[in-house]
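Letters A, B, ... mirror the listed sequences (proteins, then strands); counts begin at 1. These numbers come from the heavy atoms of this one structure, side chains and all, not from hydrogens, waters or symmetry mates.
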There are 2 protein chains.
Amino acid sequence: MAPHLDTVFAALADPTRREILRMLLEDDMAVTDVAEPFAMSLAAISKHLGILAGAGLITQEKRGRVKWCKLEPDALKAASVWMQGFGQFEPVNLDAFEAFLERELGAEPFDTP
Amino acid sequence: MAPHLDTVFAALADPTRREILRMLLEDDMAVTDVAEPFAMSLAAISKHLGILAGAGLITQEKRGRVKWCKLEPDALKAASVWMQGFGQFEPVNLDAFEAFLERELGAEPFDTP
DNA sequence: GCGATCGTCAACCGATCGGTTGAATATGCG
DNA sequence: CGCATATTCAACCGATCGGTTGACGATCGC
């Protein structure tokens with residue numbers, strides 16, 4: 001039951017893969033460009049991307065000789081919902097909720113520098 | 001940066017450990033009782049509990065000769081916030097937010113049976 | 001067509017993972 | 001005290017992980 005969660009959480013457990021996701025948050029990228037800032041081989045990054053794609057967190061589309069990587073944030077939904085099942089035990093956690101609101105609605109607090 | 005996320009996500013990547021967390025959602029449990037429904041050795045469960053404790057997802061307190069395991073849902077906070085950073089790509093997910101509010105503030109909807 | 005670029009494949013490596021078993025360590029009970 | 005219960009420790013196992021290297025297949029520009 002819920003084999004997706006296995007692969008999604010496992011994919012998120014690696015800092016390199018989380019950083020790749022963060023990069024893809026800004027824009028779609030080619031494999032070579034994804035690999036550029038990392039101090040490891042292109043093949044290693046290619047494997048990481050394969051794992052992210054296997055978890056559904058990204059999709060890859062080959063256009064010409066370059067393969068474009070696109071973030072698929074909806075794949076985080078099931079994991080997020082699963083985690084929310086533990087929210088009932090938290091005292092209130094309104095601060096996290098406010099941060100969430102700020103990000104979602106773009107409502108910046110007054111004291112922002 | 002953010003070594004917690006490594007261990008938290010890795011801990012969540014195993015279905016046995018997720019099931020343990022689900023069980024602890026209902027009540028604190030002794031190690032032996034946690035192990036009972038699983039078809040594996042007590043030592044294996046003890047290791048799983050150690051990993052969960054290492055990630056801060058549970059705490060263990062020895063009272064007498066039995067060690068009680070207690071869920072620590074706040075440890076999910078950092079991971080949850082990290083994932084919310086990708087929420088800007090989702091439509092809005094207001095339904096999850098309303099469910100969150102209902103649970104947090106005890107504001108039950110009218111049509112509750 | 002040719003050379004350079006993009007990306008994967010395959011084989012290999014050491015480390016870690018998830019599990020086992022058996023012995024060891026506390027602690028409680030009668 | 002002596003035995004049962006609760007839990008961990010230590011060693012081991014095969015499988016998987018994260019990484020490397022080198023060869024390979026496509027595809028582009030000239």
Side-chain angles (χ1 to χ4, degrees), chain A residues 1-24 27-71, chain B residues 1-24 27-72 79:
Chain A
M1 200 193 300
H4 283 22
L5 292 181
D6 286 40
T7 56
V8 169
F9 280 131
L12 296 181
D14 185 278
T16 299
R17 291 192 288 264
R18 287 198 306 276
E19 174 64 11
I20 291 176
L21 293 179
R22 205 196 53 77
M23 291 164 55
L24 291 177
D27 204 355
D28 298 0
M29 296 179 77
V31 173
T32 302
D33 295 331
V34 169
E36 195 268 335
F38 294 99
M40 71 181 70
S41 72
L42 184 61
I45 295 295
S46 180
K47 280 190 189 177
H48 280 305
L49 290 170
I51 290 171
L52 289 171
L57 290 164
I58 67 169
T59 48
Q60 297 180 284
E61 182 197 355
K62 192 165 185 180
R63 218 146 49 213
R65 71 178 155 178
V66 15
K67 201 170 190 174
W68 292 91
C69 305
K70 180 184 190 315
L71 187 64
Chain B
M1 201 194 300
H4 284 22
L5 292 180
D6 286 40
T7 56
V8 169
F9 281 131
L12 297 180
D14 185 278
T16 299
R17 290 193 288 263
R18 286 198 306 276
E19 174 64 11
I20 291 176
L21 292 179
R22 205 195 54 76
M23 290 163 57
L24 290 178
D27 205 356
D28 298 359
M29 296 180 77
V31 174
T32 301
D33 296 331
V34 169
E36 195 268 336
F38 295 98
M40 71 182 70
S41 72
L42 184 61
I45 296 293
S46 180
K47 281 191 188 177
H48 280 304
L49 290 171
I51 291 171
L52 289 172
L57 290 163
I58 67 169
T59 48
Q60 297 180 284
E61 182 196 357
K62 192 165 183 181
R63 218 146 50 212
R65 71 177 157 180
V66 15
K67 201 169 190 175
W68 292 90
C69 305
K70 181 185 189 314
L71 186 65
E72 296 291 346

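- Taking 4.5 Å as the limit, some side-chain heavy atom of B/Arg18 sits within range of a side-chain heavy atom of A/Phe9.
- For A/Leu49 and C/dC9, the CG to P distance is 12 Å, given to the nearest whole Å.
- Backbone-only contact: B/Ile51 has heavy atoms under 4.0 Å from sugar-phosphate atoms and none from a base.
- Smallest separation of non-hydrogen atoms from A/Cys69 and A/Leu24: O-CD2, 3.5 Å.
- Close to D/dG18, at under 4.0 Å from its OP1 or OP2, lies a side-chain N or O of A/Arg17.
- Counting only heavy atoms from C-beta outward, the side chains of A/Leu12 and B/Leu5 never approach each other to under 4.5 Å.
- As a whole-Å value, the separation of B/Leu42 CG from C/dT25 P is 18 Å.
- In this structure, CZ of B/Phe9 is placed 18 Å from C1' of D/dC17, rounded to the nearest angstrom.
- For A/Ala44, the listed nucleotide lying nearest its side chain is D/dT20; candidates were D/dT27, C/dG22, D/dT20.
- Look at CZ on A/Phe38: it is 14 Å from C1' on D/dG18, rounded to the nearest Å.
- OP1 or OP2 of C/dG19 has at least one side-chain nitrogen or oxygen of B/His48 nearer than 4.0 Å.
- When the P atom of C/dG19 is taken as reference, atom CD1 of B/Ile45 falls 8 Å away, rounded to whole Å.
- Of the charged side-chain nitrogens involved, none lies within less than 4.0 Å of a carboxylate oxygen, so that B/Glu19 and B/Arg17 do not count as a salt-bridged pair.
- Look at B/Lys67 and you'll find a side-chain N or O under 4.0 angstrom from OP1 or OP2 of D/dT8.
- Annotation: side chain of A/Met29 is in contact with side chain of A/Met23 (closest heavy-atom distance under 4.5 Å).
- A sub-4.0 Å separation between OP1 or OP2 of C/dG19 and a side-chain N or O of B/Ser41 is absent.
- Within 4.0 Å of B/Lys47, counting heavy atoms only, lies at least one base atom of the nucleic acid.
- Dashed line: the shortest gap from a side-chain N or O of B/Ser46 to OP1 or OP2 of D/dT7 is not under 4.0 Å.
- The distance from atom CG of A/Leu52 to atom C1' of D/dC17 is 14 Å, rounded to the nearest whole Å.
- Within the 4.0 angstrom heavy-atom criterion, no nucleotide atom of any strand lies near A/Arg63.
- For B/Ala43, the listed nucleotide lying nearest its side chain is C/dT20; candidates were D/dA4, C/dT20, C/dG7.
- Separating the CD atom of A/Glu61 from the P atom of C/dC6 is a distance of 18 Å, rounded to the nearest angstrom.
- Mapped onto DNA chain D by nearest heavy atom, A/Met40 and B/Asp33 fall at different nucleotides, with B/Asp33 at the one closer to the 5' end.
- Spacing between atom CH2 of B/Trp68 and atom P of D/dA6 amounts to 11 Å, rounded to whole angstrom units.
- When heavy atoms are screened at a 4.0 angstrom cut-off, B/Ala30 is found touching the sugar-phosphate backbone but no base atom.
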